[in-house]
Amino acid sequence: MKWHYSKRLVLKTEIIKIINPTESYPDIERAASIIRAGGLVVFPTETVYGLGGNGTDPAAATKIYEAKGRPSDNPLILHLAQPSDAESYAVTNENYYRLAAAFMPGPLTIILPKKPTVPDRVTGGLPSVALRCPSHPVAHALIEAAGLPIAAPSANISGRPSPTNARYAIEDLSGRVDMIIDGGDCEIGLESTIISLNRDGALLLRPGAVTYDALCCVLERVEISPAAMGEMTADDRPLAPGMKYRHYAPSSPLVLLDGPDEAFICYIKQKRLTENCAVICSPEEARAIGGENLVLTGDNDDYPAQARRLFSALREADKLGCDVIYARKPRADGLGLALYNRLIRAAAHTVVKI
Ligand code: AMP
Ligand code: MG
């Protein structure tokens, strides 16, 4: 068994660069034919890189789980070319089309009851399916050329930070997939917002670039699940199953510091006298702290820039090989809620009040 597993993972991975899908259409076609033939292709999206396979083929779903080392009860998102394609795979409703009109294509995933066309392997055995229409031109062209829904989780080894550029996808998945498309840096840098629709309203399962406030402008009632706030549910079976696993985590322990600007600078300066630590901080904070092992993120109130940088910063900080990594706890509002949700898991809930 072990031999069989390792043999499957030694693939020759072709790496190609596509910036403009119209100019590179033969490459898009080749990638699409790999998907149609049951193979795996890593592709850029506006959120993070995806690890794609044929979303109607249970064998392709198995390959995705194996390539990622992901538990198979953690379902995959189906990526569609346009919102109306959902009719073939899910039981849609009015709220789905209201959200689609406002946010699709874009960084929003909607969960609906699934139709039998979606294999149980793709949904981890759940009766529901997650659907998203990416706005990235390469992702869109690939899905359209494949002519089928592409099942894709983030293109990282399970538990590691999601890749926001091709370099990190190559680091994790070279030899495990047939092709990696390098489409440059991801514009958003955090995975999609996930919302589950039911007859009574909607439940926000994972915060992302489509914020809670934005969703509330379209739907009458949106609840926030405890998992979205970074909390675990009591029975350890969260509604978004991915939320129960250790996630986005660097190998050095990450500690979040909760307090005002001056306290943060003071705390770090003090710690650096005795500890071998890396610090994820804004350029302004880096100037105040000085010295080595500082990994830059966006300016203090620039949440979009912090989101773009977060997963790369975690990987860069990890590579410094320090005993501990410090970062600031973001305010949990707007896009800050998505940053907080990722950081609190990466830190395994370690927060120090300063
Ligand atoms: P990733 O693609 O790595 O961002 O992971 C996909 C996320 O979507 C996981 O956290 C899953 O738990 C979530 N997901 C996918 N399908 C469903 C579903 N049917 N119900 C709830 N969550 C889902
Ligand atoms: Mg993921």
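Each ligand, and each atom within it, is numbered from 1 in the order the structure gives.
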Proximity to ligand 1 by part of Arg132, non-hydrogen separation under 4.0 Å: neither
Applying a 4.0 Å heavy-atom criterion (strictly less than), which segment of Ser162 is in contact with ligand 1: side chain, backbone, both, or neither? neither
Mark yes or no: Arg70 above the aromatic ring of Tyr65, with NZ or CZ under 6.0 Å from the six-membered ring centre and no more than 45 degrees from the axis. no
Ser128 neighbourhood, listing ligand 1 atoms whose heavy-atom distance to it stays under 4.0 Å: 18 (C), 19 (N), 20 (N)
Look at atom 1 (P) of ligand 1 and find which of Ser154, Ala152, Ser225, Pro75 reaches it with the closest heavy atom. Ser154
Verify the distance test for Ser162 against the Mg ion (ligand 2): any N/O/S atom under 2.8 Å, yes or no. no
Counting from 1, what ligand 1 atoms have a heavy atom of Leu126 closer than 4.0 Å? 18 (C), 19 (N), 20 (N)
From atom 9 (C) of ligand 1, work out which of Leu190, Thr47, Thr45, Asn74 has a heavy atom at the shortest distance. Asn74
Indicate yes or no for a side-chain donor-acceptor contact from Ser33 to the backbone of Arg30 under 3.5 Å, with no hydrogens or angles considered. yes
Tell me which part of Arg206 gets within contact of ligand 1: side chain, backbone, both or neither, using heavy atoms under 4.0 Å. side chain
So Asn156 and Lys68, do their side chains get closer than 4.5 Å, heavy atoms only? yes
What are the two closest non-hydrogen atoms of Tyr25 and Ala145, and how far apart are they? OH-CB, 3.6 Å
Run the numbers for me: atoms of ligand 1, each under 4.0 Å from some heavy atom of Ala130, listed by number. 15 (C), 16 (N), 17 (C)
So, Thr164 and Arg309: side-chain donor and acceptor under 3.5 Å apart, yes or no? no
Please check if any side-chain donor atom of Asn54 sits under 3.5 Å from a side-chain acceptor atom of Thr56, or the reverse. yes
Side-chain donor-acceptor contact under 3.5 Å, Tyr267 with Glu262: no
Taking non-hydrogen atoms only, is Ile194 closer than 4.0 angstrom to ligand 1 via side chain, backbone, both or neither? side chain
